Amino acid sequence: MGSAMSDTAVEVDGLRKAFGTVLALDGLSFRVPAGSVLGLLGPNGSGKTTTVSILSTALRPDAGRATIGGLDVVADAARVRRVIGFAGQFAAVDPNLTGRENLTLIGRLSRLGRARARVRAGELLGSFGLTAAADRLVRTYSGGMRRRLDLAAALLHRPPVLFLDEPTTGLDPESRFALWDSVRDLSLSGTTVLLTTQYLEEADTLADQVVIIAAGKVAGTGTPAQLKARHGTVLFDLGFAGPSIAETACSVLAAGGYQPDRDGAGVRVRSAAGSAALTGVLRALEGRAPDPVSVAVREPTLDDVFRSLTEGEG
Ligand SMILES: Nc1ncnc2c1ncn2[C@@H]1O[C@H](COP(=O)(O)OP(=O)(O)OP(=O)(O)O)[C@@H](O)[C@H]1O
Ligand SMILES: [Mg+2]
């Protein structure tokens, strides 16, 4: 790898892409340090697949620029394709070939050579737990097995940069954990991974850095820990006897300088000062609203962060 790869593996700068009147990307910028895992997190239609399609040279941006290891995805598309692996949102493997045939074919298409393609296919089938099913037609595979085969196909030519578009959508928990293990192994061996996901838990477990996108723009960025810390270190979930009581409690807390969110009969209060702030919250309510019927203290999840960042969007 060239020296450009040694610090920034992927650089996205002001990408714009419209489909007719739909603005899918509206000036998207972020970078992925080499060897790290970036989680691109966003709701349906936020531009995740569009971003990954541009980065994997399947789609041209209207404006802005993206480079992989210093290579421009438009001007150097052919060279970019040699350093990336890509597994799309929908499995690209051929259902009428066996798993082994699929991998061998892809290996030969990527100019690996017949013998090396066969060896590499065998290795990957092994590492993705597909050896027993290797010589069955893919159309007899389960969804999780297809996903794993798709991932194996993306890794065939040992790409230094790997794009995975919602790799675990539709997988059962066991297959999801297996895929997480594969991503971790790849990352440990130095592969740069950009994965899109709607699962906050997934970004939280896998990603070194998270970019949250909403409506084609960056809505927030940081490590999972930073995003959680920025959002408050602790959340108090107060349950009340009914929505109207919760509404009263909410007004009381707002008047007391807190920033409560009500959801039905529940009120959520963020604390940047740890769980010790709970006594202050309860004291603020005392005599001004009925006592909560339940009180829970918990750490914010990326879900909480995501919701607050994308509130009012779309
Ligand atoms: N080929 C296309 N033609 C027209 N509109 C498109 C096309 N591809 C994407 N879009 C639109 O661009 C926006 C972004 O789509 P994109 O597929 O990038 O979202 P996403 O974040 O991947 O969503 P999901 O979570 O559902 O996969 C959406 O409004 C979508 O309808
Ligand atoms: Mg998508």
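Quantities reported herein were computed from a predicted structural model and do not represent experimental measurements. Order of appearance sets the numbers: ligands from 1, and atoms from 1 within every ligand.
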Pairing of Arg100 and Asp135 as salt bridge, 4.0 angstrom limit: yes
Indicate yes or no: does Asp13 engage Arg31 in a salt bridge with an N to O separation below 4.0 Å. no
Using distance alone, with no hydrogens and no angle criterion, decide if Thr67 and Asp72 have a side-chain donor and acceptor under 3.5 Å apart. no
Under the side chain to side chain contact (heavy atoms under 4.5 Å, CB included) test against Leu105, which residue among Val93, Leu97, Asp94 passes? Leu97
Taking 4.0 angstrom as the limit, do Arg16 and Asp62 come out as a salt bridge? no
Under the side-chain contact (heavy atoms from CB on, under 4.5 Å) criterion, do Leu149 and Leu125 qualify, and how do the steps go? CA-CA 8 Å; Leu149 185 65; Leu125 288 163; 4.1 Å; yes
If you measure only the distance, is there a donor-acceptor pair under 3.5 Å linking the side chains of Glu166 and Thr197? no
Mind jotting down which protein residues get a heavy-atom contact under 4.0 Å with ligand 1? Chain and number order, please. Phe19, Val22, Ala24, Pro43, Asn44, Gly45, Ser46, Gly47, Lys48, Thr49, Thr50, Gln89, Glu166, Gln198
Under a 4.0 Å threshold between the charged nitrogen and the carboxylate oxygen, would Arg120 count as salt-bridged to Glu123? yes
In the protein, N/O/S atoms that are found under 2.8 Å from the Mg ion (ligand 2), waters not counted: Thr49 OG1, Gln89 OE1
One thing to verify: whether Asp26 and Lys17 come together as a salt bridge, which I'm taking to mean a side-chain N less than 4.0 angstrom from a carboxylate O. no
